[in-house]
Visitor: 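This is the structure, below, for whatever I ask next.
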Amino acid sequence: MGLADDAVVVNVQGDEPLIPPAVINQVAELLAANDAFGIATLCEPIVSREDVFNPNVVKTVFDGNGRALYFSRAPMPWWRDGFADDTAVLPDGTWWRHIGIYAYRAGLLHDFVRWPPAALETTESLEQLRAMANGVAIGVQPACEDVPGGVDTEQDLARVTALLELDSAGTGDWHVGKAPDRRAVAAAALRGYDLSPLR
């Protein structure tokens with residue numbers, strides 16, 4: 001690409017199509033401001049037990065300085081006493097969903113593609129574990145805006161498709177200035193929205 005080794009490159013993964021621009025800027029700024037990190041990424045709170053146990057929701061834990069300790073598809077941290085009680089309410093700020101966005105320094109990307117896959121990367125199917133296995137510090141910070149969940153299942157795809165249909169119909173941030181089509185009107189009606197005044 002011809003970039004200087006210290007140039008910051010942001011990768012928004014394709015399974016996170018609704019990431020707001022402010023969040024893209026945030027991850028780039030996190031890396032640019034912290035020379036100790038080779039990679040930066042973001043997270044958001046997990047508030048449902050279902051998401052804690054969902055292997056499609058990647059979890060992260062990090063220290064008080066925002067340095068990632070680990071990423072996993074498994075429930076982590078393990079709430080020893082609370083998970084034994086199916087009715088226990090999750091405490092705030094304990095579980096974090098990793099958001100599929102990264103900022104890298106260009107020089108690190110050159111190294112990354114030369115490293116063989118790491119054992120933990122292969123086990124979890126999470127590429128950031130290759131960097132951690134090679135001693136790269138990953139900075140993690142809660143996202144500055146809500147990020148709608150990613151697309152990992154057919155149900156996720158249906159949810160995001162419905163959001164995009166509504167938004168393209170002028171009901172959200174992705175309004176393109178066109179009247180809503182019949183599919184968007186029908187999808188909105190199913191959710192209790194009346195788009196007829198937008199015609």
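These numbers come from a predicted model, not from an experiment. No hydrogens, no waters, no symmetry mates; every other heavy atom, side chains included, goes into these values. Here, residue 1 is the first one in the sequence, and each next residue gets the next number.
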Visitor: Kindly write out the residues that satisfy side chain to side chain donor-acceptor pair (under 3.5 Å) with Arg114, not counting sequence neighbours, or none if the list is empty.
Guide: Asp111
Visitor: As an exercise, state the distance from OG of Ser72 to CG of Leu129, rounded to the nearest 0.5 Å.
Guide: 8.0 Å
Visitor: Just wondering, do His110 and Asp5 contact through their side chains at under 4.5 Å, heavy atoms?
Guide: yes
Visitor: Can you measure from CZ (Phe53) to OG (Ser48) and round to the nearest 0.5 angstrom?
Guide: 10.5 Å
Visitor: Show which side-chain atoms of residues 30-37 pair as donor or acceptor with protein atoms under 3.5 Å away, not counting sequence neighbours.
Guide:
from: Asn34; atom 1: ND2; to: Leu30; atom 2: O; distance (Å): 2.7

Visitor: Can you tell me how far the CE atom of Met132 sits from the CZ atom of Arg67, to the nearest 0.5 Å?
Guide: 7.5 Å
Visitor: Do the side chains of Val147 and Val47 join up, straight or via other hydrophobic residues, at under 4.5 Å, putting them in one cluster?
Guide: no
Visitor: According to side chain to side chain donor-acceptor pair (under 3.5 Å), who are the partners of Thr60, at least two apart in sequence or on a separate chain?
Guide: none
Visitor: How long is the gap from CG on Asn54 to CG on Asn56, to the nearest 0.5 Å?
Guide: 4.5 Å
Visitor: Linking I/L/V/M/F/W/Y whenever their side-chain heavy atoms sit closer than 4.5 Å, directly or via other members, would Val113 and Leu108 fall into one cluster?
Guide: no
Visitor: For a quick test of reading the model, state the closest non-hydrogen atom pair linking Pro77 to Thr94 and the distance between them.
Guide: CD-O, 3.5 Å
Visitor: When you measure from the side chain of Arg73 to the backbone of Ser125, do you find a donor-acceptor pair of N or O atoms at a distance under 3.5 Å?
Guide: yes
Visitor: Would you call Val136 and Trp115 a side-chain contact if the rule is heavy atoms closer than 4.5 Å?
Guide: yes
Visitor: Where does the angle between the aromatic ring planes of His98 and Phe71 fall among parallel (under 30°), tilted (30 to 60°) and perpendicular (over 60°)?
Guide: perpendicular
Visitor: Pair Phe83, Val52 - check side chain to side chain contact (heavy atoms under 4.5 Å, CB included), show working.
Guide: CA-CA 10 Å; Phe83 287 152; Val52 169; 3.7 Å; yes
Visitor: Contact between Trp96 and Val140 at the side-chain level, heavy atoms closer than 4.5 Å - yes or no?
Guide: no
Visitor: According to side chain to side chain donor-acceptor pair (under 3.5 Å), who are the partners of Thr153, at least two apart in sequence or on a separate chain?
Guide: Gln155, Asp156
Visitor: Which atom pair, heavy atoms only, marks the closest approach of Ala133 to Ala118?
Guide: CB-CB, 3.6 Å
Visitor: Quick one: side chain to side chain donor-acceptor pair (under 3.5 Å) partners of Arg97, sequence neighbours excluded?
Guide: Glu16, Glu44
Visitor: Give every residue pair that meets the side chain to side chain donor-acceptor pair (under 3.5 Å) criterion with at least one member in residues 134-148, sequence neighbours excluded.
Guide: Gln26-Gln141
Visitor: Do Arg130 and Phe112 make a side-chain contact, defined as non-hydrogen atoms from C-beta onward lying under 4.5 Å apart?
Guide: yes
Visitor: Does any part of the side chain of Leu120, heavy atoms only, come nearer than 4.5 Å to the side chain of Tyr70, both counted from C-beta?
Guide: yes
Visitor: For the residue pair Gln128 and Thr41, establish whether any side-chain heavy-atom pair is separated by less than 4.5 Å.
Guide: no
Visitor: Would you compute the distance between atom CG of Asn11 and atom CG of Leu109 and round it to the nearest 0.5 angstrom?
Guide: 8.5 Å
Visitor: Taking all non-hydrogen atoms of both residues, which atom of Leu3 and which atom of Ala106 are closest, and how far apart?
Guide: CB-CB, 4.0 Å
Visitor: Search all heavy atoms of Pro117 against all heavy atoms of Thr122 and return the closest pair with its distance.
Guide: CB-OG1, 4.0 Å
